[in-house]
Structures are given as structure tokens and as C-alpha cells.
Amino acid sequence: MRILKHLTTAYVLLFSSFHIHAQTPELDSLQNSLSLTTVDNLEKVDLLLQISLKSNRYDLNKTFKYAQDAFGIADSIGYINGQAQALRMMAEYYMRKPGSDTDTALVILNESLARQRETTDVIGLGSIYRSMGTCYFFLNKIPEAIDYSHQSLELFETSDAKEEVANVATNIGSMHLIQRNFEQALNYYLRALAIFQELNQPFKIGVCTYNISDVYLTLNNIEKAEEYLAISMPILEKLNLVTMLPSGLNSYGRISLKKGEFQSALAYFNKALEQNEAMGIESSKCDNLIGIAETYFKMGRYNQALKYGKIASDLTQAVNIVERRRAILELMPQIYAKLGKYDKAYETHVDFKTLSDSLFNELNIEKITGLEYQYEFEKEKEMLLLKQKEKEAIQQAKIDRELLLRNGFIAGFVLLFLFGVILGKSLIEKRKTNQELEVMNKSKDDIFAVISHDLRSPVGNIKAFIDLIVSSPDQMDQKETMMVLDKLGAQSTSVYNILENLLIWAKSQRQGSVLNLEDQPLQNVITENVNLLQEKLKQKNIEIENKVDQNLKMPFDHTLISTVVRNVLANAIKFSKDKGKIFINAISIENGIEISISDNGIGMDSQTLQGLFDQSSYRSSTGTHEERGSGLGLKLCRDFVEMHGGSIWMESKEEEGSTCFFTLQYV
């Protein structure tokens with residue numbers, strides 16, 4: 001699952017629904033007007049849409065009902081703009097209802113957009129783009145969400161719709177916040193706040209100042225965090241936004257904790273916890289419990305810290321809040337170490353490092369994806385400039401041609417023809433060279449990404465061992481010390497082997513893309529990588545059944561095929577359940593060898609299987625122990641196998657396991 005689904009800090013978007021227990025006079029007035037309207041016309045549709053929109057903050061069921069009524073009338077009278085906006089409000093309902101159905105919302109929004117484009121209503125089109133941004137945000141497709149939100153912002157700016165500009169700016173700020181772009185998030189929030197203050201809208205001022213406060217708190221700017229929280233909280237309390245009030249109390253607790261005011265921090269965290277328990281908001285309780293555990297730890301009350309830390313750990317796992325689980329796993333090793341429970345300290349530290357690596361890779365994928373969108377934008381801009389230059393060049397060529405025609409038609413025609421041939425040849429050669437460079441750079445980037453990913457886990461574990469020894473040099477007995485040193489040695493060996501492979505690969509790159517073929521037993525590279533992954537096998541108690549014939553041999557590049565075997569085998573371990581079994585086999589085929597690595601793990605569906613070796617995709621699924629990868633390993637496997645004249649494919653059934661086949665040919 002992606003990171004957005006696991007964040008619980010209340011970075012509030014203004015298109016979100018908040019439940020306030022009393023309707024506004026404005027909504028009452030609209031409903032009274034509706035009761036007096038008896039004719040099904042455009043005015044009635046617009047009135048129903050206004051009520052649907054206003055109800056979005058109070059009662060989602062009413063939002064849907066009034067939107068349905070509006071669509072029915074708009075459809076019967078051929079009012080296209082009304083149809084589009086009614087569909088948009090229905091999509092808003094599907095996005096925000098309990099157990100939201102964002103896939104259905106997106107389908108409805110696409111139909112809404114198609115109808116709205118038949119009209120000239122710029123504000124209506126901007127509203128749909130804003131809702132599209134919301135939907136993609138909930139689907140955790142942040143670049144698409146930002147793209148649609150920016151289109152919405154541009155339309156609202158051209159229409160001088162200040163309130164809508166501020167709403168969308170708030171949304172974009174929250175999207176940047178998810179990607180940890182704090183400065184950009186603050187810029188959009190402050191821009192929105194200035195407009196809300198100008199329009200004197202307390203509700204939106206309260207939400208916006210809360211977001212700004214939370215960003216400053218994340219940046220450890222306590223003074224600014226308190227300043228904006230002091231503006232926000234009285235507004236939220238006055239409006240009785242009960243779902244946000246515990247988050248505000250939690251923020252006060254975090255501020256008190258950072259200032260060393262531990263009793264105040266405990267009071268705020270406990271009050272927030274009490275309110276969240278009353279409302280049954282499990283996700284927000286995680287923040288409160290972590291805050292209490294951290295406060296007790298800072299106070300030196302380690303048993304109390306352990307008690308609340310365990311509760312927080314269980315809850316974050318139960319509701320699958322990965323970001324908050326990482327926070328409590330970072331604290332738990334410190335608590336266990338202070339209590340002298342070094343085995344538990346090491347165990348939870350390894351869990352913390354594993355989860356941190358997963359989030360690190362996921363965040364990088366988010367940022368890389370964002371950079372890809374930026375790249376596409378810059379490329380499109382560059383193409384426009386190029387077309388302009390081409391137009392200018394064509395115009396100049398026309399003038400030159402006319403001049404040449406005056407001086408001699410034949411000489412001018414020959415010169416123009418030669419110029420075209422030379423220019424065309426130059427462009428073809430340049431394009432070919434650029435394509436070759438892109439392929440080479442892509443291959444280099446991919447291999448370094450995978451090697452760095454492989455290094456991260458053992459290096460992280462080595463640091464964990466060293467931290468454990470340094471933090472408690474006099475409190476570990478000989479048995480515990482030997483256990484740590486034994487694991488340290490195993491991880492060091494793993495790092496050494498990976499670095500050795502990296503150096504060999506780098507050397508081969510300097511010598512060109514020539515394979516270093518050596519006639520050798522296939523069993524050697526299999527055994528080498530099984531030994532390399534022993535620690536992971538032990539963690540899941542997985543049994544390896546190796547049926548590869550000792551005498552089966554052929555020429556292949558040891559470094560590249562070792563990378564293939566290691567990635568495929570690691571993938572099988574990743575998706576195997578505890579006490580699973582992995583089968584390795586190889587048979588002779590015409591002009592080569594076919595190798596298969598099978599597991600009886602969780603398998604995969606046909607859609608995942610179809611895009612597994614797709615070079616344009618770098619997504620990675622979560623393993624049975626929440627393991628994550630960079631999403632590049634199998635793509636490199638395909639490249640290295642194809643360099644040996646072979647092919648690679650996967651067969652799988654959900655809950656029955658997977659088998660990866662690859663062939664090596666005599667080349």
C-alpha cells in the first residue's frame with residue numbers, strides 16, 4: 001500500500017467533509033426555496049445543486065440525494081451543465097462516504113467531464129478538475145492530483161473566482177505536503193489563507209491555519225506552530241468541528257513535548273485520546289498513544305513508556321498505518337535498551353530499519369514520478385520553442401531561396417538541396433546518438449539503483465548492531481555479545497559480496513558491453529546466492545529444495561547471472577509465507593539451459609503478472625513480512641538474460657505460488 005493511505009496527521013483538504021451538528025441558516029433558506037418550487041426547470045436544478053453542495057459538509061446522504069434529483073431533472077430537460085455538475089456531486093459522495101469507493105467516483109467524474117466540455121461554463125469545468133484532483137489524491141496518484149488541481153486553479157484565476165482559487169491552493173498545499181515538499185506546501189497554504197481572511201470565512205481560516213501550524217511543527221519551528229495553532233483552535237471549537245479538535249490537542253501535546261513540558265504534554269495527549277476513543281477514530285488514537293509513550297520515555301518512566309508503546313504498536317499494525325508504525329518502532333528499541341532487554345531492542349530495531357527502507361523506496365518512487373511529470377512538462381515546452389525556431393528557420397529559408405532564385409534558379413536549387421541533405425543527415429545521426437546514450441544511461445541507473453537497494457538492508461542491520469553495542473557496552477553478557485558479533489559478521493559478508501559484484505560490473509562497463517563468458521557449473525551460482533540469502537530464509541523458516549544437477553554447466557557471465565538468480569530467489573522469499581518451500585531446478589534444452597525457481601507463497605493476479613517485466617513500471621508489491629523492493633530487479637533480470645540470448649517469464653496463481661523461468665543460450 002502506498003504512503004498516503006497510512007498518514008494520520010490531519011493535513012486537512014478543504015474539499016473534505018466535516019460533520020457539524022447544526023445546519024446553517026443559508027442551507028435552511030435554500031431548502032425553503034426548494035419547497036416553493038413546483039416547475040422542473042433550470043432554476044430548480046441549480047437550486048438542488050446548491051443544496052447538494054452545501055450538504056457536503058453536514059450530511060453526505062443528502063448530498064447524494066439532491067444530486068440525484070438534480071440529474072434526473074437536468075436529463076429530462078436537456079440541461080447539460082446541470083447534468084455534469086450533478087454527476088460531480090455524486091462522485092464527491094462516493095469519494096467521502098465511509099469505506100470510500102474512489103474507483104466508482106473516477107468513472108462518474110470522467111462522464112461529468114465529458115458532458116461539461118460540451119458547455120462554455122469555465123467555473124463548472126474548473127470545479128470538475130478540482131474534484132478530479134481530489135479523486136486522484138484519494139487514489140494516492142499525487143502527480144495526477146496536482147496536475148488536475150493546477151488546471152482547476154488556472155481556470156478559477158482567469159475567472160477571478162477568489163474563493164475557489166483559495167480552496168484549490170489549499171488542496172495543492174496538502175498534496176505537496178504528502179510529498180514532503182514543505183516550502184511549496186507553506187506557499188500555497190499562506191496564499192489561500194490571505195484570500196480566506198480577505199473574504200472573512202472563519203471555517204476555512206481555521207482549517208488553513210491548522211494545516212500551517214502542523215507544517216511548522218513538522219519543521220520543528222515551535223514558535224510559528226504555536227502562533228497559527230492559537231488562531232486555529234478557537235475557530236474549530238466555536239464551529240464544533242469535533243473530528244478535528246483531538247488533532248489540535250495532539251498538536252499542543254507535541255509542542256509541549258518539544259518544549260520539555262512533560263506534564264502538559266501528557267494532559268493534552270490523554271484528552272485527545274479520550275475524545276478519539278469516544279468517536280471511535282482508531283487512526284488518530286495512534287498519534288495520541290505514541291505521544292504518551294514518547295513523553296514517559298523522556299521522563300525516564302520506561303515501564304509506562306513500554307506499556308503505551310506496545311498498545312500503539314499493536315494498534316498501528318491493526319489499522320495498517322505504516323507511517324505511524326515506523327514512528328513507534330523507532331522508539332521501542334530505545335525503551336527496551338533502557339530496560340536492559342537487548343534481544344527485544346535488536347528485534348524491534350531491525351523491524352524499524354526494514355520498514356524505514358520500505359518507506360524510503362516508496363518516497364523516492366513518488367519523487368521520481370513527480371520529476372517525470374516535471375520532465376514531460378519541460379520537454380513539451382522545449383518542443384514548442386523548437387517549433388517556433390523551425391518556423392523562423394523556414395521563413396528565413398524562404399527569403400534566402402527567393403534571393404537565390406534572383407541570382408540563378410539552378411544554383412539556388414542545388415545549394416538548397418545540399419543543405420537539406422546535410423541537415424537531415426545531421427539530425428538523424430544526432431537522434432541515433434541520443435537514443436544510444438539514453439539506453440546506456442538507463443542501464444547504468446537501473447543497476448546502481450538495485451545494488452544500492454541490496455546494500456541498504458545489510459548496512460542498516462550493521463548499524464543496528466553497532467548502535468546496540470555502543471549504547472550498552474557494560475550491560476551485555478558474553479553470550480549476547482557473541483550473538484551480536486555473529487550477526488554482524490554475516491551482514492558484513494553480505495555487504496562485501498554485493499560490493500564485489502558492483503566492482504566487477506563497473507569494470508565490465510568500462511570495457512564495453514561485452515559478456516565475460518566462462519564455462520562453469522550452474523550449481524555454483526545457485527549455491528552462492530542461497531548462502532547469501534540464508535538470513536532471510538531463517539527469518540521465515542523457509543526450506544530450499546535444490547534439484548540442479550552438479551554436472552550441468554555452460555558458458556555465462558557469472559556476475560550478471562548471479563544478479564538474476566539473487567533477485568529471483570529474493571523475490572520468491574519475499575512472497576513466501578513462514579515455513580514455506582522454494583524449489584530450484586534446471587534442465588538442458590536445445591542450445592542452452594532452462595532454470596526455474598518456484599515458491600508456494602501468495603502468488604499474484606493476472607494484472608500484476610502481465611506488467612511484471614514492463615520497463616516503464618517500477619512499482620513493487622509488499623511481501624508477506626511487509627518487505628519492499630525498488631521494483632527494478634526483475635527488469636534487470638530480463639536485460640541480463642536477454643544479453644545471454646535467453647528469455648524470462650513468470651507463471652503464478654493467487655494463494656498457490658509462483659514460478660520464474662529463464663533460459664540461457666550458447667552465445
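Both backbone and side-chain heavy atoms feed into the values below; hydrogens, waters and symmetry mates do not.
Side chains of Asn61 and Lys97: no donor on one and acceptor on the other come within 3.5 Å.
Using the six-membered ring where Trp is involved, Tyr136 and Tyr148 have ring planes that are parallel, under 30° apart on the 30 and 60° scheme. Taking the six-membered ring where tryptophan is involved, the planes of His176 and His150 are perpendicular, since the angle between them exceeds 60° and thus also 30°.
Put simply, the side chain of Lys204 reaches to within 4.5 Å of the side chain of Glu163, judged on heavy atoms. In this structure, the side chains of Ile212 and Ile231 stay at 4.5 Å or more apart for every pair of heavy atoms. Counting heavy atoms from C-beta outward, Asp343 and Tyr336 have side chains that stay 4.5 Å or more apart. Under the 4.5 Å side-chain criterion, counting only non-hydrogen atoms from C-beta, Thr209 is in contact with Leu193. The shortest side-chain heavy-atom distance between Ile51 and Lys62 does not fall under the 4.5 Å cut-off. Counting heavy atoms from C-beta outward, Ile142 and Phe137 have side chains that approach closer than 4.5 Å. With a 4.5 Å cut-off on side-chain heavy atoms, Phe262 and Ser256 do not count as touching. Contact check for Tyr216 versus Leu186: side-chain heavy atoms found under the 4.5 Å cut-off.
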Full working for side chain to side chain donor-acceptor pair (under 3.5 Å) between Arg88 and Ser112:
CA-CA 6 Å; Arg88 181 178 77 86; Ser112 170; over 6 Å; no

Pair Asp287, Asn250 - check side chain to side chain donor-acceptor pair (under 3.5 Å), show working.
CA-CA 7 Å; Asp287 280 334; Asn250 198 75; 4.6 Å; no

Test side-chain contact (heavy atoms from CB on, under 4.5 Å) applied to Leu199 and Ile195, step by step
CA-CA 6 Å; Leu199 299 176; Ile195 297 175; 3.8 Å; yes

Verdict with reasoning, Glu92 to Thr63, per side chain to side chain donor-acceptor pair (under 3.5 Å):
CA-CA 8 Å; Glu92 289 280 340; Thr63 293; over 6 Å; no

Evaluation steps, side-chain contact (heavy atoms from CB on, under 4.5 Å), between Leu329 and Thr316:
CA-CA 10 Å; Leu329 284 178; Thr316 56; over 6 Å; no

Before giving the answer on side-chain contact (heavy atoms from CB on, under 4.5 Å), spell out for Leu153 and Arg130 the whole-Å C-alpha distance, their side-chain angles and the decisive distance to 0.1 Å.
CA-CA 8 Å; Leu153 187 65; Arg130 182 181 64 191; over 6 Å; no

What do the steps show when you test Thr218 against Arg180 for side-chain contact (heavy atoms from CB on, under 4.5 Å), and what is the final call?
CA-CA 10 Å; Thr218 304; Arg180 273 52 171 186; over 6 Å; no

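With rounding to the nearest 0.5 Å, the separation of NZ in Lys285 from CE in Met279 is 11.5 Å. Separating the CD1 atom in Ile290 from the CG atom in Leu315 is a distance of 9.0 Å, to the nearest 0.5 Å. Atom CZ of Arg325 and atom CE of Met332 lie 9.5 Å apart (nearest 0.5 Å). Taken to the nearest 0.5 Å, the OG1 atom of Thr295 stands 5.0 Å off from the CG atom of Leu266. Residue Phe297 holds its CZ atom at 5.5 Å from OH of Tyr302, rounded to the nearest 0.5 Å. Distance check: Ile108 CD1 to Met90 CE gives 7.0 Å after rounding to the nearest 0.5 Å.
Not a single donor-acceptor pair under 3.5 Å links the side chain of Arg326 to the backbone N or O of Phe352. A donor-acceptor pair under 3.5 Å links the side-chain atoms of Tyr189 to the main chain of Ser174, judged by distance alone. At least one donor-acceptor pair under 3.5 Å links the side chain of Asn221 to the backbone N or O of Lys224. A distance-only check finds a donor-acceptor pair linking the side chain of Ser232 to the backbone of Gly206 [under 3.5 Å]. Put simply, the side chain of Ser127 gets close to the backbone of Ile123: a donor and an acceptor are under 3.5 Å apart. A side-chain donor-acceptor contact under 3.5 Å links Asn110 to the backbone of Leu106. Gln334 places a side-chain N or O within donor-acceptor distance of the main-chain N or O of Glu330, the cut-off being under 3.5 Å. Listed for the Ser213 side chain is no donor-acceptor partner under 3.5 Å among the backbone atoms of Tyr228.
Listed here is the closest heavy atom pair of Ala265 and Gly253: CB-O, 3.6 Å. Residues Phe156 and Gly126 come closest through the heavy atom pair CZ-C, 3.4 Å. The minimum heavy-atom distance linking Cys208 with Thr170 is given by the pair SG-OG1, 4.3 Å. Of all non-hydrogen atoms in Ala67 and Ala86, the two that sit nearest each other are O-CB, 3.5 Å. Nearest heavy-atom pair across Met175 and Gly133 is CE-O, 3.8 Å. Contact record, Leu245 with Met233: O-CE, 4.0 Å, taken as the closest heavy-atom pair.
Look at Asp214 and Arg254 and you find a salt bridge, because one of the NZ, NE, NH1 or NH2 atoms lies within 4.0 Å of a carboxylate O, short of that distance. Salt bridge Glu223/Lys259: absent, no basic N to carboxylate O contact under 4.0 Å.
Around atom CD of Glu274, no more than 12 heavy atoms belonging to other residues, nucleotides or ligands sit under 6.0 Å away. Heavy atoms from other residues, nucleotides or ligands lying under 6.0 Å from NZ of Lys271 number 12 at most.
Checked against Tyr308 for a side-chain contact (heavy atoms from CB on, under 4.5 Å), the options Ile292, Ile328, Ile335 give a single hit: Ile292.
Listed by chain and residue number, nothing satisfies the side-chain hydrogen bond (donor to acceptor under 3.5 Å, both in side chains) test with Asn270 (two or more places apart in sequence, or in another chain).
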